[in-house]
Trainee: 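Got a structure here, written out as structure tokens. Questions coming.
A note on names: the letters A, B, ... follow the listed sequences, proteins ahead of strands, and every chain is numbered from 1.
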Number of protein chains: 2
Amino acid sequence: MDLSERKLKILQAIIADFVRTAEPVGSRTISRNYDLGISPATIRNEMSDLEEMGYLTHPHTSSGRVPSAKAYRLYVNEIMEKKELTQEEKDAIAQRLYENVSELDNLIERAAHVLSEITSLTAFALSPGKEQEKLKYINLIPVDERTVVLMIVADSGEVSNTTVRLDKPASEDTLRVLAKNMTYNYSGKTLSEALKVDIIKSFREDAEAMAMFQNNIVPGFIRTLEDMLNVNLYMEGLTNIFSIPEYSDIEKARHFFEMMDRKEDIRRKLIGTDDGIIVTIGGENQEAEFCDCSIVTATYHVDGRMVGKLGVIGPTRMKYDEVTSVVEFLTDNISKSFMITEGDEDE
Amino acid sequence: MDLSERKLKILQAIIADFVRTAEPVGSRTISRNYDLGISPATIRNEMSDLEEMGYLTHPHTSSGRVPSAKAYRLYVNEIMEKKELTQEEKDAIAQRLYENVSELDNLIERAAHVLSEITSLTAFALSPGKEQEKLKYINLIPVDERTVVLMIVADSGEVSNTTVRLDKPASEDTLRVLAKNMTYNYSGKTLSEALKVDIIKSFREDAEAMAMFQNNIVPGFIRTLEDMLNVNLYMEGLTNIFSIPEYSDIEKARHFFEMMDRKEDIRRKLIGTDDGIIVTIGGENQEAEFCDCSIVTATYHVDGRMVGKLGVIGPTRMKYDEVTSVVEFLTDNISKSFMITEGDEDE
DNA sequence: GTTAGCACTCGCACAATAAGAGTGCTAACA
DNA sequence: TGTTAGCACTCTTATTGTGCGAGTGCTAAC
């Protein structure tokens with residue numbers, strides 16, 4: 001059930017106009033502003049067909065047409081041509097991306113920020129997932145007689161630490177043995193595997209070390225592992241929605257903010273999506289709360305593994321061509337940045 | 001220029017009513033709902049006086065009165081009686097405060113969260129300021145041949161670290177010497193003093209160590225110090241403002257969110273205020289953007305030193321008695337928590 | 001000094017009206 | 001058979017007018 005060339009053209013024009021103005025589009029507007037060489041009446045007939053086919057809706061009898069999610073889907077899949085960024089645009093974006101960025105986790109947040117500014121939408125980013133990272137070794141560094149820093153080093157070079165307070169003093173020797181034992185038991189395991197290992201048994205012969213380990217170190221160790229596994233969700237440009245006509249109603253705005261406040265839901269939703277650039281339009285979202293929104297996400301990679309996400313959320317009426325291009329450009333850059341600093345092959 | 005007993009009573013009634021309803025208060029409402037034993041007409045006369053004195057304003061001729069900032073100030077200073085929390089309330093708040101709290105920085109954020117829920121306003125908190133903390137020692141821990149973890153230990157037991165990538169491999173010995181040298185030069189200094197020390201000269205005799213230090217360690221060291229000095233600003237309950245009639249207009253809401261988005265301004269404003277419980281009402285705020293708001297802050301302490309803040313921001317019409325009590329109770333609890341875990345005298 | 005009474009003012013909600021934008025249908029045209 | 005002009009009709013939105021209610025301020029009486 002293909003659409004005629006002309007219907008496609010009209011649909012495209014309606015989408016273009018509606019994306020620009022946020023107002024329902026009438027037949028005369030199309031005939032006047034888009035050079036299709038047909039009269040409003042003809043356009044009306046076509047519109048009527050398109051509506052019947054589910055591509056357009058009608059807020060009320062005497063108002064113009066609004067594209068449906070199905071129309072946007074068609075547009076994104078078939079009509080839309082990828083908007084190639086010019087070299088100047090690319091340079092400008094890259095420059096802003098790397099401004100004030102000292103560490104990589106920082107880069108993710110910055111990317112979300114730049115993305116929200118460019119698109120004037122709300123952008124989000126997920127910091128790299130570390131399920132695949134492996135423990136390299138564990139170190140216990142005495143600070144004072146009853147304070148110890150527990151340091152976990154992953155094979156990527158990522159280091160995380162926590163301060164542990166002991167219930168009785170421990171000698172440096174004890175700590176060294178403990179650390180050695182832990183390293184022996186954990187190294188090579190991924191972070192999530194490490195959470196499941198039971199190494200208490202390896203202290204069987206030394207009750208005191210075991211007690212020390214169990215009561216003091218383990219809680220801190222688990223906390224740190226969980227902390228490393230924890231994926232940060234950054235959100236930027238929340239206030240942009242106040243400039244979007246769809247949210248000029250206070251209840252809509254409230255709903256949006258309350259939705260964005262449920263970080264856990266958002267995180268779950270984002271982690272769920274596949275690799276590559278994903279566009280989810282309106283009702284295509286399973287969750288009722290997102291069904292007025294479109295979400296565009298892209299994935300960035302480390303070692304060819306998908307590890308994090310970047311994207312925007314906004315009204316279904318958005319500039320999909322522009323947004324997808326920018327999101328893609330940014331994730332490509334992030335992936336490249338990880339390559340350069342993670343690998344050692346430069347210079 | 002003191003107010004008569006009766007004027008005070010009337011003013012108090014107006015404030016109570018307006019805080020509750022957010023509607024301008026008329027003379028009949030007061031006479032009906034508050035048992036002052038005087039007729040609306042008398043109240044009207046008094047109101048007229050109060051208005052002339054600057055305690056009340058008049059949105060338009062034929063509408064009730066609204067308390068001015070001056071009235072709230074009088075109320076907070078003179079009329080308001082501190083609302084003592086019942087033991088049950090205290091227990092309930094304390095329980096919620098310590099729910100899911102594993103670390104102290106976490107406690108601050110949690111406190112803001114609980115505060116926002118109790119007051120139905122927007123709450124914020126500043127994590128402890130660390131200007132006074134002193135460096136205890138510095139450690140350089142090799143991870144692999146060209147990766148080193150720089151660890152800074154403060155005398156409070158606070159530990160911070162960063163991963164440093166070296167431009168050429170360094171032996172463990174070199175690192176040990178470097179760390180020793182740094183500890184020698186920095187220990188006992190506060191974090192901010194440390195930022196000003198120039199220890200390059202102490203490597204004068206060892207050009208190679210100096211180069212290594214200067215090019216690789218110093219940037220990471222500075223970054224980590226700045227990171228430790230950095231005071232986190234937590235905000236909770238931003239969406240609460242959608243339930244406040246003052247912000248039912250979309251432009252007002254927008255303005256509020258954009259204001260709260262300027263984290264730096266807010267941080268500066270909060271750090272500026274004095275010790276103790278501070279109530280700043282409407283136009284008393286120097287900054288134009290806060291002059292429709294009231295801000296209540298309180299300080300929490302470590303070792304009797306004021307280190308962090310907790311507070312709420314909302315419309316000038318707020319329950320000052322309740323808010324100040326809760327804010328005070330929470331900061332007291334935070335200060336106590338710091339004492340228990342910082343000191344060693346327990347058990 | 002206090003109060004009742006009353007005229008007056010304003011804002012707000014509601015209905016009525018007019019204008020405008022857009023559709024859908026019909027009939028004519030190429 | 002597809003296209004178009006014309007026209008009646010629908011529905012929204014802005015505007016205007018009206019009445020009501022809440023509240024004031026003033027005056028005169030208590």
Trainee: I want to check one thing: is the phosphate of dT2(C), taken as OP1 and OP2, less than 4.0 Å away from some side-chain N or O of S39(B)?
Mentor: no
Trainee: Write down the distance between CD1 (I38(A)) and C1' (dA5(D)), rounded to a whole number of angstrom.
Mentor: 15 Å
Trainee: Mind calculating the distance between CD1 (I30(A)) and C1' (dT23(C)) to the nearest angstrom?
Mentor: 15 Å
Trainee: Side-chain N or O of R6(B) versus OP1/OP2 of dT2(C): is the shortest distance under 4.0 Å?
Mentor: yes
Trainee: Report the C-alpha distance between Y55(A) and Y75(A) in whole Å, list the side-chain angles of each, state the deciding distance to 0.1 Å, and finish with yes or no for side chain to side chain contact (heavy atoms under 4.5 Å, CB included).
Mentor: CA-CA 10 Å; Y55(A) 292 104; Y75(A) 172 76; over 6 Å; no
Trainee: Below 4.0 angstrom from OP1 or OP2 of dA4(C), is there any side-chain N or O of R28(B)?
Mentor: no
Trainee: At what distance, to the nearest 0.5 angstrom, does CG of N45(B) lie from NZ of K7(B)?
Mentor: 9.0 Å
Trainee: In whole angstrom, give the distance that lies between atom NE2 of H60(B) and atom C1' of dG21(D).
Mentor: 11 Å
Trainee: If you compare every side-chain N and O of T42(A) against the phosphate oxygens of dT4(D) (OP1, OP2), does one of them come in below 4.0 Å?
Mentor: yes
Trainee: Check the phosphate of dT4(D) against R44(A), side-chain N and O only, distance under 4.0 Å to OP1 or OP2. Yes or no?
Mentor: no
Trainee: Check whether any side-chain nitrogen or oxygen of S63(A) sits under 4.0 Å from OP1 or OP2 of dT23(C), and answer yes or no.
Mentor: no
Trainee: Expressed as a whole number of angstroms, how long is the span from L36(B):CG to dG1(C):C1'?
Mentor: 16 Å
Trainee: In terms of the nearest nucleotide of DNA chain C, which residue is placed more toward the 5' end: A41(B) or M47(A)?
Mentor: A41(B)
Trainee: Once hydrogens and angles are ignored, does a donor-acceptor distance under 3.5 Å link the base of dT9(C) to the side chain of S62(B)?
Mentor: yes
Trainee: Could you tell me the separation between the CD atom of E23(A) and the C1' atom of dT12(D), rounded to a whole number of Å?
Mentor: 12 Å
Trainee: Phosphate oxygens OP1/OP2 of dT24(D): is one of them under 4.0 Å from a side-chain N or O of S48(B)?
Mentor: no
Trainee: Report the C-alpha distance between R6(B) and T42(B) in whole Å, list the side-chain angles of each, state the deciding distance to 0.1 Å, and finish with yes or no for side chain to side chain donor-acceptor pair (under 3.5 Å).
Mentor: CA-CA 11 Å; R6(B) 195 170 67 180; T42(B) 312; 5.5 Å; no
Trainee: How long is the line joining CG of N45(A) and P of dT4(D), in whole Å?
Mentor: 10 Å
Trainee: Is R65(B) close enough to dG25(D) that one of its side-chain N or O atoms is under 4.0 Å from OP1 or OP2 there?
Mentor: yes
Trainee: Are K252(B) and E246(B) within salt-bridge range, i.e. N to O under 4.0 Å?
Mentor: no
Trainee: Determine whether the aromatic ring centres of residues F124(B) and Y234(B) are separated by less than 6.0 angstrom.
Mentor: no
